[in-house]
Structures are given as structure tokens and as C-alpha cells.
Amino acid sequence: MVDLTADIIPYQAIAQIQLGANIEVYRDELLMMGCEHKENIFSNQSIEYFHLQGVLSVASRDGVIIGITAETEYQGKYAGQVYAGMTLQQLKEISLDLVMANGALILNQNFGMVLWLASPNDELYDTVLELPDHAVIDSITVGNYDEWKFFC
């Protein structure tokens with residue numbers, strides 16, 4: 001059951017939607033919640049997106065969930081403290097171990113989730129030190145970003 005207050009769990013889940021699960025497990029519930037649905041075919045792969053504006057996005061490839069994103073109206077948190085909509089200053093009060101990669105923040109070397117900055121901060125700055133304290137975490141995506149370790 002989808003729970004918009006559930007914890008954000010790196011490498012695993014947001015809203016109790018499990019990374020790596022078959023999208024069919026959640027399809028009907030996501031559609032009943034009012035999620036917009038899009039499907040595209042790229043190189044013989046089916047890519048599906050479910051999006052509940054301001055709250056949640058789910059992406060699947062060939063039926064397997066590959067990414068789940070919590071947006072600013074999502075009520076759950078990571079470790080009871082980190083959530084979309086918080087400022088960089090609030091994040092710094094929790095942890096100074098922040099690195100920037102590909103326009104996103106990695107917290108505590110945890111590559112099972114990325115924190116996306118609101119525009120234009122995601123494009124204007126290259127390091128955490130350059131970011132203004134009032135920059136907002138626009139969304140948090142759970143996935144496997146281990147390959148980004150080479151950039152940090």
C-alpha cells in the first residue's frame with residue numbers, strides 16, 4: 001500500500017514503493033491517487049512514469065521500478081530529518097558531509113539517494129561551498145547512484 005508519509009529509505013523505497021519491484025504491484029493504486037501516467041518506448045525498452053504533482057514520481061523500465069522521487073509535498077523523511085523542501089542551511093545543521101555531483105547533493109556518502117536542488121541552483125553552482133544557504137532541496141530520489149562515487 002502506498003503511504004505518502006512513509007520514511008525515505010535509500011536504495012529501497014519511498015512511500016512504501018519498493019525499488020526493483022514490478023510496477024504492476026502499484027499501478028492501480030497510483031492511478032486511483034490521481035497520478036499522471038506516461039509511457040515511452042526507447043530502444044525497445046518501455047519506460048513508464050507516474051507523477052502526482054508536488055508529491056511523488058515513480059519511473060519504471062520494462063515493468064521494473066528504477067527510481068522513486070519525493071517532492072516538496074511528500075510527508076515522509078529520511079532518518080526522521082531530511083525532506084524535500086528544506087533549505088541547505090537546515091541540511092547543514094544535520095550534516096556537513098555533503099558533496100555535489102551532476103547537479104544534485106549526496107548526503108553522508110549515501111549513494112542510494114540524491115537530493116535535487118531547485119532551479120537555478122542546480123545549474124549555477126559546482127560545489128556545495130558555492131551554494132547559498134537559502135537554496136531549497138526540491139526533491140529526493142531513491143535509486144542506485146553508486147557509479148557517481150567516481151565523480152565525488
Side-chain angles (χ1 to χ4, degrees), residues 2-23 25-26 30 33 35-36 38 40 42-43 45-152:
V2 176
D3 178 357
L4 301 178
T5 65
D7 291 342
I8 296 170
I9 306 170
Y11 292 107
Q12 293 181 33
I14 291 178
Q16 293 187 355
I17 299 171
Q18 296 295 311
L19 199 62
N22 190 304
I23 192 65
V25 172
Y26 306 100
L30 290 168
M33 292 172 66
C35 286
E36 178 183 350
K38 292 183 181 180
N40 298 305
F42 299 105
S43 301
Q45 291 184 339
S46 171
I47 307 293
E48 288 187 88
Y49 301 96
F50 294 83
H51 184 237
L52 186 59
Q53 183 66 38
V55 182
L56 180 76
S57 294
V58 181
S60 69
R61 182 184 320 121
D62 293 331
V64 177
I65 297 172
I66 58 172
I68 311 155
T69 300
E71 299 175 15
T72 56
E73 294 177 34
Y74 183 79
Q75 298 298 306
K77 298 178 181 178
Y78 164 68
Q81 300 178 349
V82 178
Y83 57 93
M86 70 189 307
T87 65
L88 184 62
Q89 179 61 42
Q90 291 170 309
L91 193 58
K92 286 179 180 177
E93 290 170 8
I94 297 166
S95 173
L96 294 177
D97 186 4
L98 292 169
V99 294
M100 195 165 181
N102 299 321
L105 296 175
I106 305 294
L107 176 67
N108 299 330
Q109 296 295 306
N110 186 333
F111 290 88
M113 70 176 188
V114 293
L115 292 76
W116 298 100
L117 297 165
S119 186
N121 295 312
D122 60 336
E123 299 165 1
L124 294 178
Y125 304 100
D126 294 321
T127 69
V128 174
L129 295 175
E130 296 172 331
L131 287 168
D133 284 341
H134 66 272
V136 174
I137 305 305
D138 192 50
S139 59
I140 300 172
T141 300
V142 166
N144 186 336
Y145 297 91
D146 285 343
E147 67 274 6
W148 288 17
K149 290 178 183 179
F150 302 108
F151 300 109
C152 298

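Numbers here are sequence positions counted from 1.
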(request) Tell me, please, which residues at least two apart from Ser60 pass side chain to side chain donor-acceptor pair (under 3.5 Å). (result) none
(message) Return the OH to CG distance between Tyr78 and Leu107, rounded to the nearest 0.5 Å.
(response) 6.0 Å
(request) Name all pairs fulfilling the salt bridge (Lys or Arg N to Asp or Glu O under 4.0 Å) condition that reach into residues 80-103, sequence neighbours left out, sorted by first residue then second. (result) Lys92-Asp133
(request) Would you mind listing every salt bridge (Lys or Arg N to Asp or Glu O under 4.0 Å) that reaches into residues 52-81, with sequence neighbours excluded? (result) none
(request) Name all pairs fulfilling the salt bridge (Lys or Arg N to Asp or Glu O under 4.0 Å) condition that reach into residues 99-108, sequence neighbours left out, sorted by first residue then second. (result) none
(request) Mind checking side chain to side chain contact (heavy atoms under 4.5 Å, CB included) for Thr5 and listing every partner two or more places apart, or none if nothing turns up? (result) Asp3, Gln75
(request) Heavy atoms only: give me the nearest Ile14-Ala70 pair and the separation to one decimal. (result) CD1-N, 3.7 Å
(request) Sequence neighbours left out, what passes side chain to side chain contact (heavy atoms under 4.5 Å, CB included) with Gln81? Give chain and number order. (result) Ile94
(request) Could you please spell out the steps behind the side-chain contact (heavy atoms from CB on, under 4.5 Å) verdict for Glu36 and Tyr49? (result) CA-CA 8 Å; Glu36 178 183 350; Tyr49 301 96; over 6 Å; no
(message) Do Ile17 and Val142 make a side-chain contact, defined as non-hydrogen atoms from C-beta onward lying under 4.5 Å apart?
(response) no
(request) Check side chain to side chain contact (heavy atoms under 4.5 Å, CB included) between Ala79 and all other residues, then give those that pass, not counting sequence neighbours. (result) none
(message) Checking Thr87 now: which residues fulfil side chain to side chain donor-acceptor pair (under 3.5 Å) with it, not counting sequence neighbours?
(response) Gln90
(message) Return the CD1 to CD distance between Ile68 and Gln12, rounded to the nearest 0.5 Å.
(response) 10.0 Å
(message) Please enumerate all residues that pass side chain to side chain donor-acceptor pair (under 3.5 Å) together with Ser139, with sequence neighbours excluded.
(response) none
(message) Just verifying a value: how many Å separate Tyr83 OH and Leu115 CG, rounded to the nearest 0.5 Å?
(response) 12.0 Å
(request) Go through the structure and list residues passing ring-ring contact (aromatic ring centres under 6.0 Å, His included) with Tyr145, not counting sequence neighbours. (result) Trp148
(request) Mind checking the CH2-CG spacing from Trp116 to Asn102? Nearest 0.5 Å is all I need. (result) 6.5 Å
(request) Let me see the working for Ile23 and Val64 under side-chain contact (heavy atoms from CB on, under 4.5 Å), right down to the final yes or no. (result) CA-CA 6 Å; Ile23 192 65; Val64 177; over 6 Å; no
(message) Just verifying a value: how many Å separate Thr72 OG1 and Gln53 CD, rounded to the nearest 0.5 Å?
(response) 8.5 Å
(message) Show the nearest heavy-atom pair for residues Ile106 and Met113, with the distance to one decimal.
(response) CD1-O, 4.0 Å
(request) Mind checking the CG-CD1 spacing from Leu19 to Ile65? Nearest 0.5 Å is all I need. (result) 7.5 Å
(message) What I'd like to find out is whether the side chain of Gln109 reaches to under 4.5 Å of the side chain of Val99, using heavy atoms alone.
(response) yes
(request) Return the set of residues passing ring-ring contact (aromatic ring centres under 6.0 Å, His included) with Phe50 (not counting sequence neighbours), or none when no residue passes. (result) His37
(request) Would you check if Met33 and Leu4 make a side-chain contact, meaning some heavy-atom pair closer than 4.5 Å? (result) yes
(message) Could you check whether any side-chain heavy atom of Ile8 comes within less than 4.5 Å of a side-chain heavy atom of Val82, counting everything from C-beta outward?
(response) no
(message) By the definition side-chain contact (heavy atoms from CB on, under 4.5 Å), identify the one residue from Leu117, Val136, Leu105 that meets it with Leu88.
(response) Leu105
(request) Can you sort out the partners of Tyr11 under side chain to side chain contact (heavy atoms under 4.5 Å, CB included), two or more places apart, ordered by chain and number? (result) Asn110, Phe111, Asn144, Asp146
